[in-house]
Amino acid sequence: MPRYNPAEIEPKWQQYWELNQTFKTPIRPKSEKVYALDMFPYPSGAGLHVGHPEGYTATDIMCRFWRMRGKSVLHPMGFDAFGLPAEEHAIKTNTPPRVSTEKNIAEFTRQLKMLGFSYDWSRVLATTDVEYFRWTQWIFLVLFDTWFDEDQNRGRPIAELPIPPDVTAQGGLAESEYRDAHRLAYQGEALVNWCPALGTVLANEEVIDGKSERGNHPVQRIPLRQWMLRITAYADRLLGDLEHLDWSPGIKKLQAEWIGRSTGAEVDFFLGSEEEFASWKASRSTTGFPKLIPQDVLRVYTTRPDTLFGATYMVIAPEHPLVQALTKDTQRESVEAYCQAASYKSDRERTEGDTKKKSGVFTGAHAINPTTGRPIPIWIADYVLASYGTGAIMAVPAHDDRDFEFAVQYGLPVNAVVDPGTSSACDREAVLAGKACFVGTGTAINSGCFDGQSTEQVKAAMTAQLSDSGQGKEAVNYKLRDWLFSRQRFWGEPFPILHELGEDGRPTGVVRAVDVSDLPVDLPHLDDYQPHGKPEPPLGKSPHDWLYVEIDGKRFRRETNTMPQWAGSCWYYLRFIDPRNNSAFCDPELEKAWMPVDLYVGGAEHAVLHLLYARFWHKVLYDRGHVSTVEPFQKLVNQGMILGEVEYTGYQVNGQWISTVDLEKDELGQLVCKATGAMAQAVVLGESEVTKKGDGFVLSAEQEVRVDSRAHKMSKSRGNVVNPDEIVREYGADSLRLYEMFMGPLEATKPWSMSGVSGVRNFLDRVWRMYVDYRDDDLRLLDAIVDQSPTAEQNQVLHRTIAAVTHDIEAMSFNTAIARMMEFANFFTKEQTRPRAAMSPFVLLLAPFAPHLAEELWSLLGNTDSLAYEPWPKYDEAATKSAEIEIPIQINGKVRGRLTVPAECDQASLETLALADPKTAELLAGKQVIKTIVVPGRLVSFVVK
RNA sequence: GCCAGAGUGGCGGAAUUGGCAGACGCGCUGGAUUCAAAAUCCAGUGCCCGCAAGGGUGUGUGGGUUCGAGUCCCACCUCUGGUACCA
């Protein structure tokens with residue numbers, strides 16, 4: 001019985017494609033190139049998730065479509081295979097992470113191949129391949145060899161870094177330190193999450209509320225030497241170059257906000273007495289604003305220099321370098337206690353918490369407000385971050401919410417210097433009286449010579465005046481911080497860096513890069529992967545022949561930190577272009593031929609970090625002449641999340657049903673009864689137990705009890721994870737592909753539905769039966785498939801379908817493309833004769849979506865080759881048009897009749913025909929027509945009285 | 001709190017961007033086929049009134065613009081993501 005049997009035809013065609021190397025991409029494009037890239041997966045032990053094939057199917061459809069349109073398509077796949085789970089598995093089982101990683105990659109490969117994606121598998125790579133991370137290390141060395149020239153706004157070789165004469169005078173060591181301090185890859189102290197109980201350093205994601213995610217042990221923040229990448233140097237370009245990218249405005253905005261550029265001024269507040277202020281001011285007007293911060297001032301950054309007159313106190317961060325110097329003896333005890341307490345808190349703890357109450361302590365010191373010449377107190381508070389701006393602020397409580405809150409709490413003065421005016425929604429009287437805060441713009445008051453000017457005017461004038469008098473300077477700041485690039489982990493790329501050891505066997509502080517010819521630096525074999533109880537990387541336990549190196553009689557110790565998982569994914573798109581090259585990360589000529597990536601599809605969770613990091617590396621490679629494009633990813637599409645099946649949940653308190661409207665969340669996030677506070681129990685309900693009522697669902701049996709109805713994220717704990725293997729086994733890969741595309745728009749979040757899968761399977765069955773006599777014993781075409789010309793109507797359906805499917809694919813509107821093909825099938829199923837001239841092109845339309853079924857039907861139609869490079873069907877615009885169309889007649893905006901007219905019927909005849917329509921005439925009788933609107937091809941509308 | 005996106009039948013979702021709301025699929029109802037069932041095929045299916053013809057009503061809520069609004073404007077409500085004192 002030749003029924004549609006995907007279990008048979010899908011493996012058959014997958015083998016055919018593999019054997020014939022159908023999707024092998026030419027080394028260089030032979031026609032217009034398209035580079036379509038999926039965000040490659042982390043090969044977890046759990047296997048493929050139904051979320052993966054969503055984006056992969058979308059790009060696969062585009063690629064198959066482009067190939068049929070004669071383009072040269074690069075469509076590769078690989079694995080982002082370094083990562084924590086493999087290392088944790090290694091710790092548990094004491095097997096090398098490479099073993100489990102390779103096993104997982106094999107499983108992922110099997111699952112991906114099972115879905116029939118047209119990847120060029122000959123280009124597959126994993127970030128853990130030694131020959132891959134050889135080049136990741138090489139790129140790190142490029143970063144290490146690059147400094148950022150602010151004047152030219154680009155990265156340049158470190159050899160070209162100008163060394164100031166005073167540094168040269170101090171000798172070679174000073175010069176080398178100077179260079180190290182300017183490299184894009186440099187070392188610095190940074191806080192890490194050290195968990196003594198687990199004996200390991202944790203990633204931020206592994207720390208929840210100051211406790212370890214596993215085991216709930218306390219986590220300390222301790223400073224540790226770290227590799228940093230100077231991404232901040234590129235902040236301006238990373239922001240500016242977003243403009244020309246074909247990304248959704250939402251993602252661009254997210255990146256822009258992450259970079260967080262702001263403009264304002266740096267201002268120095270004199271740390272002396274009122275009497276000394278005048279002479280300090282005078283000296284400043286001759287020396288100008290110094291680049292390095294002198295000892296006698298507190299420098300702040302502000303975006304509102306216009307409010308300087310309203311600065312009534314100052315705040316420095318607990319980690320500010322001047323804390324010790326500023327603290328008066330009378331305050332020392334409380335300051336030390338405060339700063340110590342702050343150091344124990346994570347950034348999270350500092351800012352989180354329900355109360356979010358501000359805390360702080362007075363230093364006892366004062367600074368002079370440069371506008372008023374009066375002293376104002378200097379406080380320490382953790383609402384000021386050490387890592388942003390100068391780590392110190394001028395507080396203007398009248399015009400900043402945070403400062404206002406703090407001022408109220410500690411009884412500090414609030415002086416209004418901006419009049420909100422009467423049009424603002426705020427309470428103007430309260431603001432002027434210092435009883436309320438106003439953060440908007442308005443007119444300056446209590447601001448000396450600036451009174452009466454607008455906020456914008458004062459900002460500019462004040463900045464100019466500060467600049468002239470050497471007390472301040474225009475300044476730009478970014479929220480973006482330098483990228484903490486090292487991890488205290490085993491399973492990552494080793495740094496190609498050596499630390500020189502002195503006679504005593506201790507590091508001298510001199511570092512050198514591993515010679516490019518000595519790359520790759522492979523990971524050593526470890527006897528065990530257990531944590532060793534020190535906040536030091538596991539590579540410290542490496543065999544000595546790996547750890548120690550001797551060059552030119554000097555001893556070196558290898559860097560034992562490893563790179564973060566982001567490293568490998570920062571440049572994989574370049575390696576796919578030339579994956580087996582062993583003399584360069586990618587041939588420059590091929591890079592020029594294939595870059596940039598024309599379509600990049602992946603989850604929105606990478607909207608900020610991965611895309612920002614990859615763009616940064618790309619720009620460095622660009623500056624150093626290794627790539628030809630300024631940006632790597634021209635068009636970006638974020639697929640939406642796939643949720644589990646919709647679930648209905650009712651709630652009970654003490655066995656009694658309770659309506660969701662009578663429930664609320666308590667402080668712990670638990671659902672409790674509003675009236676009694678009693679905890680509610682969730683009860684999972686079947687579809688048959690609930691009924692729609694109003695805009696929600698209720699229990700069928702007790703209709704006053706409202707229940708929850710929603711889809712949840714798929715998760716192991718909830719038990720709603722859908723396994724692609726099962727779907728393929730039960731419905732076939734083509735059905736899975738088709739269903740994921742039919743669910744809704746690619747970018748939307750959508751719930752899974754098994755009956756939806758069986759719906760599209762049903763469609764594929766219908767398509768099969770449209771061609772195949774399934775009651776025959778042998779596989780053969782139906783007699784209805786004939787070599788005769790299509791009827792006019794058949795031809796119109798065909799051409800309309802081609803037109804619609806073509807446009808929908810171009811717009812990546814796959815759900816509607818599938819709907820159009822279903823309409824085609826609905827129509828031709830009813831036709832007794834099915835001309836080849838219609839049935840052949842339809843198979844080609846279906847091919848990008850359901851490639852296995854399409855290939856099978858294509859070969860049944862007598863073709864011997866794969867349809868993968870068959871020209872995409874063309875449509876005739878004229879054939880899609882009808883000779884006659886139906887036009888509605890509206891009276892006062894309501895449809896009161898219909899008119900069948902020739903398609904090209906003009907305005908005048910339409911009106912005549914409408915007036916002649918008996919029903920319309922009847923309705924218009926005795927009424928006065930005020931206005932007649934006729935839109936040819938659309939409608940006739942009468943407005944009557 | 002702030003930012004972004006979204007609210008359309010029982011459900012997933014369509015709607016040349018201001019012109020016949022509900023394409024397509026699921027579900028449901030009825031019919032054909034069958035000894036019967038599955039499968040398949042055909043028809044119907046927003047809600048309300050009505051035996052019917054027909055009429056009314058309808059895109060989260062309230063207002064507005066327009067001959068005409070799911071689509072544009074204003075205000076609000078709900079949900080989903082993101083974010084967290086960046087001066």
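Reminder, nothing fancy here: chain letters follow the sequence lines and each chain counts from 1. Predicted model only: the values in this text are computed from it and were never measured. Only heavy atoms go into these numbers, but all of them, side chains included; no hydrogens, no water, no symmetry mates.
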Donor-acceptor pair between A:Arg481 and A:Ser387 side chains, under 3.5 angstrom: yes
Heteroatom pairs (N/O) under 3.5 angstrom, protein to nucleotides 55-58 of chain B:
residue, atom, partner, partner atom, Å
B:U57, OP2, A:Lys894, NZ, 3.3

Protein-to-nucleotide contact annotation, 5' to 3' order, nucleotides 26-34 of chain B [B base; S sugar-phosphate only; - none; under 4.0 Å, heavy atom]: S--------
Euclidean distance, atom CE of residue A:Met394 to atom P of B:C85 [Å, nearest integer]: 20 Å
Pairs where residues 796-818 of chain A contributes a residue and the test ring-ring contact (aromatic ring centres under 6.0 Å, His included) is met, not counting sequence neighbours: A:His807-A:Tyr875
Nearest-angstrom distance from the residue atom CD of A:Glu911 to P of B:C67: 17 Å
Contact residues, residues 797-808 of chain A to RNA chain B [heavy atom, < 4.0 Å]: none
Ion pair check, A:Arg820 and A:Glu823, cut-off under 4.0 Å: yes
Closest listed nucleotide, where the reference is the side chain of A:Lys931 and the choices are B:G19, B:A87, B:C67: B:C67
Salt bridge (charged side-chain N to carboxylate O under 4.0 Å, His left out) against A:Asp236, all qualifying residues, sequence neighbours excluded: A:Arg261
Sugar-phosphate only, base, or nothing, as touched by A:Asn826 at under 4.0 Å among non-hydrogen atoms: sugar-phosphate
Closest to side chain of A:Met822, choosing from B:C85, B:G19, B:C24: B:C24
Cationic N near anionic O, under 4.0 Å, A:Arg718 to A:Glu647: yes
A:Glu257, nearest nucleotide to its side chain (from B:C24, B:C3, B:G19): B:C3
Pairwise P distance, B:G55 and B:G60 [rounded to whole Å]: 26 Å
Cation over ring face, A:Lys358 and A:Tyr383, 6.0 Å, 45°: yes
Those residues that, when tested against A:Asp773, pass side-chain hydrogen bond (donor to acceptor under 3.5 Å, both in side chains) (two or more places apart): none
B:C85 base / A:Lys358 side chain donor-acceptor hit below 3.5 Å: yes
Between A:Ser359 and A:Tyr410: side-chain donor-acceptor atoms closer than 3.5 Å: no
With A:Phe697 via ring pair (Phe, Tyr, Trp, His ring centres under 6.0 Å) - residues at least two apart: A:Tyr648
Test item: side-chain donor near acceptor, A:Ser882 and A:Gln796, under 3.5 Å: yes
Phosphate contact (B:A14 OP1 or OP2) by A:Asn815 side-chain N/O below 4.0 Å: yes
A:Arg766 side-chain proximity, nearest of B:G10, B:A14, B:C42: B:C42
Residues in side-chain hydrogen bond (donor to acceptor under 3.5 Å, both in side chains) contact with A:Thr806, at least two apart in sequence or another chain: A:Trp872
Integer-rounded Å distance: B:G18 P and A:Leu939 CG: 15 Å
Pairing residues for A:Ile259 by the side chain to side chain contact (heavy atoms under 4.5 Å, CB included) criterion, not counting sequence neighbours: A:Ala235, A:Leu238, A:Leu239, A:Tyr478, A:Leu612
Distance-only criterion, 3.5 Å: show the donor-acceptor pairs between side-chain atoms of residues 746-754 of chain A and protein atoms not counting sequence neighbours.
residue, atom, partner, partner atom, Å
A:Lys750, NZ, A:Glu54, OE2, 2.6
A:Lys750, NZ, A:Pro745, O, 2.8
A:Lys750, NZ, A:Leu746, O, 3.2
A:Lys750, NZ, A:Ala748, O, 2.8
A:Ser753, OG, A:Ser755, OG, 3.3
A:Ser753, OG, A:Gly756, N, 3.1

A:Arg710/A:Asp708 ion pair, N-O < 4.0 Å: no
For RNA chain B, stems built from three or more consecutive Watson-Crick or G-U wobble pairs below 3.5 Å: B:1-7 with B:77-83, B:10-12 with B:24-26, B:27-32 with B:40-45, B:46-49 with B:54-57, B:60-64 with B:72-76
Atom-to-atom span, CZ of A:Arg304 to P of B:C85 - whole angstrom: 20 Å
Distance-only side-chain donor-acceptor flag, A:Asp482 / A:Thr232, under 3.5 Å: yes
Any donor-acceptor N or O pair under 3.5 Å, side chains A:Thr816, A:Asp808: yes
Protein-nucleotides 79-83 of chain B N/O pairs closer than 3.5 Å?
residue, atom, partner, partner atom, Å
B:U80, OP1, A:Arg710, NH1, 3.0

Sugar-phosphate only, base, or nothing, as touched by A:Gln890 at under 4.0 Å among non-hydrogen atoms: base
Distance, P atom - from B:G9 to B:A23, rounded to whole angstrom: 13 Å
Sugar-phosphate, base or nothing in reach of A:Arg761, heavy atoms under 4.0 Å: nothing
